[in-house]
Amino acid sequence: MRLRSITLRNFRGVSESTVTFSDGVTVIVGPNEVGKSSIPEAIGLLREMKASSRHRRVTAVQPVHRDLGPEVELSLVTGAYELTYRKRWIRQAMTELRIDAPRREQLTGDEAHDRFLAILNETCDMDLLVASELVQGNSLLQPQLAQVASLQRALDGSAGEFVSHDELMERIEQEYERYFTRTGRETGEYRALADKRDALADDVARLEAQSEQMDQFTLQHQEVSAELAVIGRKLEESEQDRQQLESAAEELTALRDAVALAERALEDRVRRQGELRVSQETRRELIEEVEQRAQSAEGLAAEVALAQEQERRARHASDEARVALTEAEDARKQARLAEAETTSKLNRLRSREELAGAARRLEQATETDERRRLSVAEVETIGVDATLLSRLEELDSRLQVADGVRSAAAPSVSVAALGAQPVVVDGTALAEGEGRDWLISDPATIEVEGVVRVQVRPGETPSDLDQAWRHARDDLDLALTAAGVDSVADARELFERRQRAQGQADQAESALELLLQGDSLEALRDQVSLLRARLGEDTAGEDGDRESLERAAVAVQTGLVEAEGVLDAARDTADRCGRRFEDARVAQAQLAATMTSAQNEARRVAQRLDAAREAHPDAQLEAAAAGAAEEVSVAREHLETCQAALSDAEPEALEMRLENARQLVERLLRERDGGAKDITKLETLLEDRAKQGIYDALANARAALENTQTRYARLHRLAQAVRLLRETMATHRAASQQSYVAPFRERIERLGRVVFGSDFSVDVSTDLVIGSRTLKGVTVPFESLSSGAKEQLALLGRLACAQLIDQEEGAPVILDDALGFADSTRLNALGVVLNDVGSSAQVVILTCQAERYASLGSADVVRLAAS
Amino acid sequence: MRFIATADWQLGMTAHFLDDDARPRFHQARLDAARRIANLAEETGAAFVVVCGDVFESNQLDRSVVARSIEVFRAFTVPLVLLPGNHDPLDAASIYASPAYLSRVPEHVYVLRDNEPFEVVPGVEIVGAPWCSKRPVGDLVAGATAPLEPAPAGTVRVIAGHGAVSTLNPDRDSLTTISTEALQRVLSDGRAHVAVLGDRHSTTEVAPGIWYPGAPEVTARREEDSGNVLLIDVDDAGVRVEKVRTGRWTFMTVKEELNSREDVEALGDRLRAIPDKERTAVWLAFVGTLSTGAYARLEQILDEAGDLFARIDHWQRHTDLAILPDDQDFAQLGLSGFAEGAVTDLTGLAEDDGEQSEAAQDALSLLFRLSEAAG
């Protein structure tokens, strides 16, 4: 379809205006109020609103404040038709269609409206018409091209027909969802059957195991039964064997009894023989004892006589020794008395000498002590000690210093006597040739008698020095007064006296100490008193001299020692003799008793022998012993015979065989019982299993499993089939869609490279929507692009569509105030694109800024002016 | 003297391969077959009935099955002689030793518990070779017949055994194999007149006078001729054996080559023509190549049949059926654009014979179905 011209009358602000369109690009320039936007609106109303309509869209275009009907007249060529279509709404509503080709027709009213639409439908793609209009304010939106049949035809023509097969795909999807979730997991009955199949397989396995177990029990029963039969037979044999051996064992017992009997008989005989032997022995021993005891008694009698003699001798010696002892004791008593007397005398002598010494020391000590006390008293009376003296000397020294200092400040005078004329200075005469210095602290007079008298006065002394000197002097005076002395020299003399008295006191102290020898004076005095008291009146003594006394004492001591030596010897002798006598007496008594006892025993033994001989004479005993030996020999022979019989019967082997036979029987009985128990247990188990009807349960489970497996296999096949079908169809559809959109995408890219550059590309979805733009390797989704880019891409989509569609089928591309977002560079580029599109499609551009499209090569520019 | 020989009743047997509703019917069918044998005995004047082993499917059966079985035993008006076989051996778990059996069993039912000749009716002895365990260690029949002297005059002697015979047993080394030769000697020596055996479910004459009566009702797909009993007459003229049909169930294998929609329709006709569908199990084995459309039709036919038959089953191991779309299949569905590409891919996979071949065939079939529905 191509527009030829349009006339608006009483349409919004336009009283009447006609625009003629070129076949290529027409740029309609005019301010908004002039009604440039009214042109696409008018075309839309013509198409969609009947003349009788009072729709808002219709009333909206009526001129304001003017009661006139808006009118549109459109001339166009579409398909084979050339026509002019006119409509007026609201006032004097009318519809008029004039067709000039291919056949002339003239129609009015609804007939005209319907015919117009019919022609459009016949020749145009209505969806394309709508899609091709880029109405003001929609410029950022992409056109809905997917439904545009003419574009589909154009695309199909280039890449094969595209059939969506939506219904079929939906059915495949539904079929797929019977078996799979959208994420491809098994679901529904398919999944349920798989689960059921697994559960049933478990059931079958369990039941098969039970069945197998029952078979095992049966088999075990059979085996145990067979074993039991074998055991039964063995048991019978073993029992027979055992009985035979038991009989043999009984015979053996009889043989054993015979042996035991023979053994006992032999023992009896041997014992009897032994008894007789003992009797003989006893007889012999008794005879011997009688003889021995008689001899023994005689020997004892001789010993007793000897002992009596020895006793008598011992008594005599003992008596003599006692007499000697008494004598020795007397001698020692005398010696002791003499010794005591001598010692007493000597002691008294020593005491007297001691008293004399002590009395002398006491006298000297008393005197020395008196001397010491006097000296101490003197020390105590003198108050000047070393400390005080040192203090006084220090104060004196200070005064000397103060005086020196003061004197140094005072004037001095040197006087020399030059000749014999006496020179007296302050009363002191100088010898001839003598020279002296005087310190002038006080007024002084120098006189050479008859010649001269010089009065020298000290000047004023500095007051602080004077004051220091006075203080020093006062301090010394005060100290001297306190010490009770007049001068330091006095003090020194007093101190020396004190030192001397101290020396005397110390000397007396040492002498006293020497005299007292560690004791006190009182103790010495007490000692003297004690000694005097002890000696009493006997202080003079008549015991002779010390030397003779000491000699006498030594002699007396020697005598005493000798007396005691004699006494000790006498006492030893007396003791020894006494003990000997006692021993002899006891030995004699014991021997006498032993002798009496031996004599008695000898008599009793002799009596016992007599009695025994009376009962069994010696000859009778001999005969009995010989008989017993014979009997023992016979019994032994019999025992040997019995033992040989027993040995021949092999008792040990027999017993071993018998024990084995018994144990074998027991063992077999145990095994039989065990087997019987096993049988009972197995029968119980079998009865229990039999009740369970395992076969039926297993058969049912197998049937269910097989059935489920079959159903599952069928579903599985179907599931695999639908999955494969779905995948294959999806793959092909996607490929087909891609090849379908390819020309469209390529066309957009061809145009777009003029605008955006050579590396421009787009991604176009199967519903012909631009998904993203790629520029310089950067891909940006459409929605994220800038408004300008969005607008330009949307326009490129429309223009690509216009270029692709067959010219006969195409619709004009109407752009109402588009490219508001484009800069001048882009605008220039878009001009190139529009020019290219205009060579094959009709493009109508409505704008209020003609300069936007100034670079558009082949455009017809129509200026609308306000009427 | 006339008697009925039968074997392998397998009472209590459950066919796990059947559907839930068919299984109880199949279970009941074995009891019904036994009841028909009772009627047959009465109708034909048989002196007794001998069952040569595997009377019961298992010693582990639910005892209620034993109780129901004994109820059927009561229907017999002649002596019923049972031989324990490998399924119901006379071991510690034996049904024949269970209180459930012993407390209920009627007097005219006998169990051959040893090799002693049993005089079932005057003038007729049965010598049984019962199984006393699941794994015996020798030819039980040989063991049972070894001590036999020739049958006394006027006495008919029947050998009842169970197990594979040496001339038919593929496992010749098996210890339990019954020596056909030895058994033939027993007959030729006059020690017995006829030998009837259990274990083989298809009615089979092993040698003159030696028969497998087979199971009176089918038990497995591979059986060639089951569902019979033998009506045996023994008299001076010798032994005459008549096979009498007792089975009501059919297990069949349908093998077809399918290469076109016409073949598929013909198969449908064949299935529809099978009588007693509720007592029939069918194993299907196909070879050939079908278009997706034809395969969809086949599935439809089999779905319908599945509701009617006791069992209808693709016998996968024996099926080699390729399903490939032909041009017409999808052309008429109006698939275009990418769907065409998908069909081409799937067809490639389907023809590739690779891992995904089957899934691709199924996917095409599914696409066909969904496209049809989508219109």
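All chains are named by letter (A, B, ...) in the order of the sequence lines, taking the proteins before the strands, and each is independently numbered beginning at 1.
- For a residue to count as touching a neighbouring chain, one of its non-hydrogen atoms must lie under 4.5 Å from one of that chain's; by this rule A/E175 touches chain B with the side chain only.
- Neither the backbone nor the side chain of A/R689 comes within contact range of chain B, judged by heavy atoms closer than 4.5 Å.
- Here the CG-OG distance, from A/L698 to B/S58, works out to 9.0 Å after rounding to the nearest 0.5 Å.
- Within the model, atoms CG of B/D91 and CE of A/M214 stand 8.0 Å from one another, a figure rounded to the nearest 0.5 Å.
- Counting heavy atoms from C-beta outward, A/L168 and B/L367 have side chains that approach closer than 4.5 Å.
- If you measure heavy-atom distances from A/E706 to chain B, the contacts under 4.5 Å come from the side chain alone.
- There is no contact between B/A100 and chain A, counting heavy-atom distances below 4.5 Å.
- Between A/T218 and B/K134, every side-chain heavy-atom pair lies at or beyond the 4.5 Å cut-off.
- With a 4.5 Å cut-off on non-hydrogen atoms, B/L349 touches chain A through its side chain but not through its backbone.
- Only the side chain of B/V65 has a heavy atom closer than 4.5 Å to any heavy atom of chain A.
- A pairwise comparison of heavy atoms in A/T728 and B/L346 identifies OG1-CD2, 3.5 Å as the closest pair.
- A pairwise comparison of heavy atoms in A/L724 and B/A359 identifies CD2-C, 3.7 Å as the closest pair.
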Practice task
Start with the C-alpha gap between A/Q222 and B/R135, add the side-chain angles, then the distance that decides, and say whether side-chain contact (heavy atoms from CB on, under 4.5 Å) holds.
Solution key: CA-CA 11 Å; A/Q222 192 185 334; B/R135 284 175 280 276; over 6 Å; no

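- Note that CG of B/D62 is 12.5 Å distant from NZ of A/K691, once rounded to the nearest 0.5 Å.
- When every heavy atom of B/A93 is checked against every heavy atom of A/L686, the shortest pair comes out as CB-CD2, 3.8 Å.
- Looking at A/I679, neither its backbone nor its side chain comes within 4.5 Å of chain B, counting heavy atoms on both sides.
- Here the side chains of A/Y695 and B/M13 are in contact, with some heavy-atom distance below 4.5 Å.
- Ranked by heavy-atom pairs under 4.5 Å with chain A, the list B/C132, B/S365, B/S133 is led by B/S133.
- Between the CD atom in A/E167 and the CG atom in B/L370 there is a gap of 10.5 Å [rounded to 0.5 Å].
- The CG atom of A/N707 sits 10.5 Å away from atom CG of B/L18, with the distance rounded to the nearest 0.5 Å.
- For the options A/A699, A/A690, A/A697, A/S225, heavy-atom pairs under 4.5 Å to chain B are most numerous at A/A690.
- Heavy atoms closer than 4.5 Å to chain A are found nowhere in B/S98, neither backbone nor side chain.
- A/H732 is not listed as a side-chain neighbour of B/T344, based on a closest heavy-atom distance of 4.5 Å or more.
- A/L718 places none of its side-chain heavy atoms less than 4.5 Å from the side chain of B/L366.
- Atom CZ of B/R311 is surrounded by more than 12 heavy atoms from other residues, nucleotides or ligands within 6.0 Å.
- Here the straight-line distance linking atom CZ of A/R723 with atom CD of B/Q356 works out to 9.5 Å at 0.5 Å rounding.
- Heavy-atom distances place the side chain of A/R714, and not its backbone, under 4.5 Å from chain B.
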